[in-house]
Structure formats: structure tokens, C-alpha cells
Amino acid sequence: MKNLQAARVFENIAALMEISGESPFKVNAYRNAANTFASLTDDLEQLAARGELRSIPGVGEAIEKKTLEILETGTCGLYERLKQQFPLTILELLDLPGVGARTVRALYEGLGVDSLEALENAARAGRVQQLPRMGAKAEQRILESIERLRARPSGIPIARALPLAVALATRMQGSPGVLQAVAAGGVRRFGELVPCVTVAVVAEDPQEALQAFLREAGGTVLEAGEERAAVRLSGGEEAECFAGRPENAGAVLIRATGSQAHLRRLEALAAERGYSFEGVTLLNPRGESLSCPDEESFYFALGMSPVPPELREDRGEVEAALKGDLPALIQSSDLKGDLHAHTVFSDGSGTLEQMAEAARRLGYEYLAITDHSQALTVARGLTPERLNEQGQLIDAFNASGTDIRLLKGVEVDIRPDGSLDLPDESLAALDWVVASIHSHFALSRQEMTERAVRALSSPFVHVQAHPTGRLIGSRDPHALDVDALIEAAARAGKALEINSYPERLDLSAENARKAADAGVKIVVSTDSHHPAHLPKVSYGIGTARRAGLTAGDVLNTLPLDALLEWSRSRR
DNA sequence: GCCGTTTTCGGCCCGACTGTTTTCAGTCG
């Protein structure tokens, strides 16, 4: 599995080229390839073997050649040359907000700064402010950013770990003797950052399956036991595989899925019954293996209801399962539509018709078209005139006898003072108004909270999108009193979004739970910018399930008429 | 470097904001 390795090499090439002052378009080509590879669920090596690398969008002659080189040798000539020019540790500096490629180059050339540590020392010594266009303020900001960066939780973001786990499982599924292979571990529980990429395998010969895992995964072997194998992948991530026989399939899956805290509770419950849950086997008091061909039979054997993976954190789910009152978690099939999607009118790449067709294929009744508003110039945001023009096209589409309804909507920008970027009369003409923050992230906590709360108080807004602005593993949530926002949403009867973008998952499961407890309706939307993004709602659903949400908590489980009724009743 | 075609070159998201200057480079979305 070398997808992430190739992605990392191209990511680093792009960054080093940018620092060296290469053409931004060239840089972008490498960065684009890196992002594509990182979220690819097909295996690059298999694509390469079939000669299909060029079929990946953004892969041309040069990147194909380098990809083959990386798959073969782990690196490529260009990368090695760039690494001679700059030490790799210099890339740490780019993680600092406010520090871009030019600044990194100035720091390197002017002060010899080539790592976070070196920058910290230089800033403390007051040397950074001596550089041109740098001042005391910038120096202070750098020191603060370094501190925040160090405090950031570690782990593999689910946006990377999940595709990788699925790809590994798919490869294992094709191995001889493997009956079942699934992505397990933290990604199956929909953790945001996972320590490790985990696969669970059921096979007649678990030993053979683990050997197959070691071959398929590649990298450095960390463990090659009887029930578990682990490797350090060539991209630096850890991957593990649990394997067991079909009669133990339930125990294998449960062990591989975790969490550690949940497993500790199950082991204790097993002990209370005279059983023992060791490794991937459940043993009776005589030390004989108890058959549990699926997870349900394992949980039943312990006298409890089966616990959905997303809840396995020992946060009350064990007690609930023992009493048999676990919530009936929402499923993808409960959704009747998506309420956040972009088209070619702003920064999306699908037409109204293409987006509608993608939604129809998911079995939806409706899709809200919510392109950006005018303030977001980079995204070619809509003026009132263009919004109106789009509305007429949507009307025409809906009148054309299609079985999916497009809702007229917008993703209106929330200005720094909390006012909205479109006049009331524009918003009043719409079925669905999403409000969100895309600029001025550096406001104080109080200013940001007032801003967000004020936006929700507009009678035309239905939902606030990606409320905290975080990007998992790369951007902290902006300073915001989420509790105050939830309270305001509850008061105003407005909804909050779980944005399904794998890098966002915003609201987080924790905040979504709080919102639901406060009586706030949740919208699980994709923020799709391409027809192929709509199925990524599975990430939002995973987050909603982790929050313990049921279909009743989520607004877009309502059929069209009821949703429109809700929308109208807000005004 | 990729892509698409008005098909082998020219275009590729571009304007606001910030901190530093004193006219603007760099970052960000």
C-alpha cells in the first residue's frame, strides 16, 4: 500500500518547490496529485500494474513517471534533488498559520532557520524581527503559533486513514483463504484522528492471512504475532491487522475495532460471567472457545445488546447496552436529501443537472443548491442578480418533470459584524439559507461568538454551516463559544450543520451531541463541490452516529413537504 | 505540470486583508 507514501512525496515536492520559488501552477499540479493520491481508494500499485495511472485526473506524463519511480524505489530524482537544496525539517514551518513559502525562504536564507526549533530560538532571540517586512508583532505571533502547534493532538486524520484502511481491506479481501476483511479500528468508530490504520480479517488460516497482510501492506514489520501483525507503512503511518477463524469472527471484529476503553469493559463483563476475552477469542470457564461468528452473538453472550462501533468508547454505551436501551442511530438510508451543495455558478464543478442526477442516484427527494455569495470573490460568489438568474434555472429544472426537487438556496457569507452578505429580499426568495464564516478568522472569541450568534438571529437563515471552521489535523477551530452558539440556535429554532467534508466533520461528534441535547436540529450535509462528493455524506453520518444521533435529531431525514414546512416556519 | 482544444499552446480562482511600510509583499480562502 504505497498511496500515502506517494502522496507524501508529492506533497513535499510541492512544498519544497514553492519555497524555492517555482511556478505556482507547477506547484499546484504536484499538490493536486498528492491530494488525489491521499484520498484514492484504489491501490496505486495495482493501477500502475494495469498501466492506468494516467486515468487519474491530474496525472500526466511527468507525474506518472515519478509515481512509477516512487512505487519502485520509494523516492524520485526530483525529490532527492530538492532535499539536497533544503532540509526536510523546513516543511514544519509551513504548518504555522501566517507563515507561507516566501517567509520560510526568507527565514532560511536570512537566518539559516530550517526547523521549528531553530525558528523558536531565532524568535526568542529577537532575530526574526530583523528580517525585512517582519516586526515584533509577527515575531510574537510566530512564537504563539509554535506553542499551539505543539499542543495539537496527534494522529492520522480520518480523511487519510479511512481510504487507506478501506484500500488495505479490499486488497486483503482478494487474498486466498480470506473470507472477510473490513476496515476496523478508529476509522470504524469514526474517530477524527486515529493512531493507526486497522484491518480485521476472517480466514480459515489466520496465520496465512497475517502473512498476506505483511506482504500487501509493505513497510517495516513491527509485529508478526499469531493474531495480530503490525507494520510501519512507507508513508510513516502504522498499520495493523487482526485475524481469526470464522467461528471467532465476532471477537476478531470487536478486538480490531476497539476502543481500548470499551474492550476493557467487555473483558471485565466476560470475567464476571466466568468467561475470558483474550486476543481474538472468547473462552468459556473450561477454557474452550465460544463460537461467535458475528459481533451480535459476541455481545449477546455477554448479556448485552450489540453496540454500534461508533459508540464504543466507554462513555455509557456499555450500561445502555446491558439495559437494552441503546439509541437507534441514524443511517445513511434515513436521509431524504442534502442541504449544502455547490455548482459551477460558484466554485463547484458540476452543473445543476449533474448535481441533481448525483443526488437522484442516492435516492434523495431533494437537493439544496447553495452556492457562495458575492463576498467570497475567490469562489465567484453570487450577486443578487446571479442568484436570481440561478433561481430561474432551478424553477425551470423543477418544472421539467424530474423526480428530484432542487431547492433554491445559498451559502451566504457572514460578515465580521455578523450581518449577511446578501439583502433580505434576496434571501427571502429562497427555500434554504445556509450561513457560514469564510474570512476574518482572527477575531476575538467574544467577537466571533457575537458574529455567529447574530447571523443565526436573521429570520432568513436556516442553518449555520461548519460552525467552528476547523480542519482536522491542520487548522484549529476558530475562537468561538460553541455552547453560546448552540444556545442561540436553540432559542432561534435554527439548525446547525455536521459538514461531511472528511477534513472538517464540523460540528464534531461531541458538539453535535451537545446541540442535540439542547434541542437543536442537526443537518448532515456534504458541502459538495462535485457530483462525486455527495456520497461522502457517509463521513457526516458516521460523525452523527458517534454523537448518538437518531433520525429524529436530523432535519434532512424529513420528507420534502415536511422540510419545506420547517423551512417556512422559521420566518 | 496538466488539460483541452478554438487540438500542441495558453490558461490555470483572484481580491481583501495584514503588518509592515510609506507603496506593497505575502497569506489566505
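Throughout, protein chains are lettered first and strands after them, A, B, ... in sequence-line order, and every chain is numbered starting at 1.
Taking the C1' atoms as reference points, dC12(B) lies 24 Å from dC17(B), given to the whole Å. Distance noted for atom C1' between dC2(B) and dT8(B): 13 Å (whole Å).
Of the residues in residues 95-106 of chain A, P97(A), G98(A), V99(A), G100(A), A101(A), R102(A), T103(A) come within less than 4.0 Å of DNA chain B through at least one heavy atom, sorted by number. Listed in residue order, the members of residues 73-93 of chain A having a heavy atom less than 4.0 Å from DNA chain B come to none. At a non-hydrogen distance threshold of 4.0 Å, F25(A) from residues 7-25 of chain A come into contact with DNA chain B. A heavy-atom distance below 4.0 Å to DNA chain B is reached by these residues of residues 468-477 of chain A, ordered by number: R475(A).
Using modelled atom types, one finds a donor on one side chain and an acceptor on the other under 3.5 Å when comparing N499(A) with D527(A).
Of the candidate nucleotides dG1(B), dC17(B), dT20(B), dG1(B) has the atom nearest to the side chain of K26(A). When each of dC17(B), dG1(B), dG19(B) is scored by its nearest atom to the side-chain atoms of R133(A), the top-ranked nucleotide is dG19(B).
Aromatic rings of H438(A) and H466(A) (six-membered ring for Trp) have centroids within the 6.0 Å cut-off, being under it. Ring pair Y539(A)/Y501(A): centre-to-centre distance not below 6.0 Å.
Using a cutoff of 4.0 Å between basic side-chain nitrogens and carboxylate oxygens, E487(A) and R491(A) are scored as salt-bridged.
Distance alone, capped at 3.5 Å, places no donor-acceptor pair between the K494(A) side chain and the V463(A) backbone.
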Could you pull out the protein-nucleic contacts involving nucleotides 2-4 of chain B (nitrogen or oxygen on both sides, under 3.5 Å)?
residue, atom, partner, partner atom, Å
dC2(B), OP1, G60(A), N, 2.8
dC2(B), OP1, G60(A), O, 3.4
dC2(B), OP1, I63(A), N, 2.9
dC2(B), OP2, A62(A), N, 3.3
dC3(B), OP1, G58(A), N, 2.7

_Using salt bridge (charged side-chain N to carboxylate O under 4.0 Å, His left out), reason through R361(A) and E357(A) one step at a time and then give a plain yes or no._
CA-CA 6 Å; R361(A) 256 184 265 130; E357(A) 174 56 23; 3.4 Å; yes
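Side-chain contact between F190(A) and I158(A) is present, with at least one heavy-atom pair separated by less than 4.5 Å.
Nucleotide dG10(B) forms a Watson-Crick or G-U wobble pair with dC3(B), both donor-acceptor distances falling under 3.5 Å.
Spacing between atom CZ of R31(A) and atom C1' of dC28(B) amounts to 13 Å, rounded to whole angstrom units. Rounding to whole angstrom units, CG of residue D347(A) and C1' of dC28(B) are separated by 15 Å.
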Would you give me the side-chain donor-acceptor pairs under 3.5 Å for residues 44-51 of chain A, sequence neighbours excluded?
residue, atom, partner, partner atom, Å
R50(A), NE, E52(A), OE1, 3.3
R50(A), NE, E52(A), OE2, 3.4
R50(A), NH2, E52(A), OE1, 3.4

